[in-house]
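This report concerns only the one structure given below.
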Amino acid sequence: MHDFVLGQYFPGSSVIHRLDPRAKLILLIAFVAVTFVAHTAGAFILLAAVAALLMLLSGIPLKIYLRGMKPILYIVIFTTIINILLTSGDDLLFEFGFIHIYKEGIINAVLVILRLSLLVLGSGILLTYTTSPISLTDGLETLLSPLSKIHMPVHEFSMMMTIALRFIPTLVEETDKIMNAQKARGADFSSGGLISRAKALLPVVIPLFVSAFKRAEELATAMECRCYRGGEGRGRLHVLRYSGMDVVFFTGGALLIGAVIVINIFLPVYPF
Amino acid sequence: MAKIRLENVTYTYSVGTPFEKRAVDGVSLEFEEGLLTGIMGHTGSGKSTLINMLNGLIKPDSGRVLLGGEDIWADKKKMRSVRFRVGLVMQYPEYQLFDETVRADIAFGPRNMGLDGDEIARRVSEAAKFAGVEEEWLDKSPFDLSGGQKRRVAVAGVMAMSPEVLVLDEPAAGLDPAGRESILSGIREYCRATGAAVIIVSHSMEDMAVFCDRVAVLADGKLCMYGTREEVFARRSELYMLGLGVPMITDIAHELLKLGVPIGEEIFTVGGVSDSLRRIISERRGNKGKGAD
């Protein structure tokens, strides 16, 4: 559980870490779009090279990225099988009983594998591993702030997100602590049937809820004491400013989109 | 005889990440029956990790934990019985209360041990006495008690298992002076009455000086001092270097000794020092009276 929640963000000071969170969000959207535009071998090679370069720049060990890819393995296998078996087309490659495998199915499967891997890598490099959750919500709030003109409570949503993110580690730690305390009193969480296991969790869930509500109340009081009244007229401590490096990356992103489109049109070599 | 023994235990958190930290580094310690041992150390010195090893919540990367001469990790199936024999009261244990009544909450441990109703009732009332839980709280909801009262209930909940080793992490933190005094006296009473080895983690030198028979000092995950309070508090300058210090009263007593005031041996508790000061004062007054005659 610790690894899942806390092991995501890798503190560091690389170029990627220091990019403006808004820039990273926009670039990620662009990167996602471009992986769906790409459908030729050249385009994918270019995207993979870009991803490799970004990974290098982020200064995060390769094994962390590989670990991040593991969870999508099953999705990849599943969609590959579905794609190969269920896509029909003109070019029949293999036939056995009710199984028909077409060339188009294989193309689709390869495309899905490439796109999914690039998506996971891209979002890892640009967001989860290199951006702290707080600066991420900051960036999101600033990007979405035009919506508050049409009375969307953008600030309130992002405050809720910030608080939720801020308290995930606290709650995980607390759950751990309470579980340990009850284990020390002989509670047994790992044996028995479903119902007895659920019952065994009561001594953990009750104190956890009690303290979560208490915490919420205390936090609300503390915020009120400091005159928090929502987003209206509220300034910020860290004002986000684009730097020269952000401009460089935006330009790079634009060039990448252009390059992928050009390669798609002029180098129609397919990846298989 | 040593009830529980740590042999050269080591533990490192988050191996292979930027957060890697060696919390406990080659510590060997014994805790004897009927003795109260205090563990002191700065925040992050490895105290909590160390005591979580005592009942198998944390498995040492290397080294052994011997309970009554047996390695607690030798047979994982016996871990539950180890937890009944080594009672652990965590920091701020009042947050672990959950049951409908105080009585039921204290009985949670003994119930898990599979004891029969009479024995459970006997243990609950015995533990309640040691921990200072009053009779009329027993049928209330634990959530209706004050913080200090909840703390006592939580301590009673662990004592009710009659552990032969009782470990408490900051049992008196955040309590008022009277509350500290009474909860710590209750713990000492438990120690003396049952012959359990009791281990207390605390930041308060004063509490250590008053209640502990032995003191262990941890710094950076290593054991750097162990002995009676006289032996440990005699190493004043080292303790100050570790950012710990000695009881304020001991400091003052040392100053007085330097000035030639014959304050005696008992310089670790306010009671001891004030007794000898009173003695000295009355002696001097007596002399003065004679001189005036």
Side-chain angles (χ1 to χ4, degrees), chain A residues 1-14 17 58-64 66-68 129-130 132 169-171 173-192 196 199-215 218, chain B residues 13-19 48 51-52 54-58 76-77 79-100 104-115 141-143 147 150 154-161 163 165-169:
Chain A
M1 195 128 85
H2 280 281
D3 290 336
F4 173 68
V5 185
L6 303 175
Q8 298 276 304
Y9 171 56
F10 257 73
S13 58
S14 72
H17 281 84
S58 74
I60 291 170
L62 184 67
K63 82 168 186 243
I64 301 293
L66 291 181
R67 204 175 64 190
Y129 293 132
T130 61
S132 77
T170 313
L171 288 176
E173 200 180 302
E174 195 143 305
T175 313
D176 237 31
K177 240 177 19 204
I178 297 172
M179 274 180 107
N180 276 342
Q182 308 301 22
K183 264 196 231 161
R185 294 208 276 166
D188 186 2
F189 301 117
S190 50
S191 61
S196 70
K199 258 190 174 163
L201 278 177
L202 272 184
V204 176
V205 174
I206 293 172
L208 193 64
F209 266 77
V210 170
S211 83
F213 279 110
K214 212 174 130 215
R215 240 180 244 287
E218 279 167 5
Chain B
Y13 280 106
S14 309
V15 181
T17 71
F19 305 105
S48 294
I51 59 172
N52 280 343
L54 290 172
N55 76 341
L57 286 176
I58 287 179
K76 268 193 161 178
K77 279 178 217 131
M79 190 47 82
R80 215 161 155 232
S81 77
V82 167
R83 301 229 165 103
F84 294 132
R85 291 170 65 193
V86 183
L88 173 61
V89 181
M90 309 251 183
Q91 222 165 1
Y92 298 104
E94 52 272 29
Y95 295 116
Q96 71 192 25
L97 303 179
F98 69 96
D99 224 321
E100 276 172 59
D105 207 291
I106 297 177
F108 180 65
R111 231 170 32 230
N112 284 331
M113 296 170 83
L115 300 174
S141 157
F143 299 107
K150 281 189 209 166
V155 172
V158 174
M159 283 178 171
M161 301 189 302
V165 178
L166 177 63
V167 189
L168 304 106
D169 194 352

Could you check which of Asn52(B), Leu57(B), Val158(B), Leu97(B) has the highest count of heavy-atom pairs closer than 4.5 Å to chain A?
Leu57(B)
Bottom line for Pro61(A): the part with an atom under 4.5 Å from chain B's heavy atoms is neither
Would the distance check show the side chain of Asn112(B) and the main-chain N or O of Arg185(A) forming a donor-acceptor pair, the cut-off being under 3.5 Å?
yes
Quick check on the structure: residues of residues 86-95 of chain B within a heavy-atom distance below 4.5 Å of chain A, by number.
Leu88(B), Met90(B), Tyr95(B)
Shortest non-hydrogen contact from Gly186(A) toward Phe84(B)
CA-CE2, 3.5 Å
Heavy-atom contact with chain A under 4.5 Å, split by part of Asp99(B):
neither
Main chain of Gln96(B), side chain of Gln182(A): is a donor-acceptor contact present, judged purely on distance under 3.5 Å?
yes
Could you tell me whether the side chain of Phe143(B) reaches within less than 4.5 Å of the side chain of Ile206(A), counting heavy atoms only?
yes
Quick one: CG on Asn180(A) to CD1 on Ile58(B), what's the gap to the nearest 0.5 Å?
7.5 Å
Would the number of heavy atoms belonging to other residues, nucleotides or ligands and lying under 6.0 Å from CZ of Phe209(A) be above 12?
no
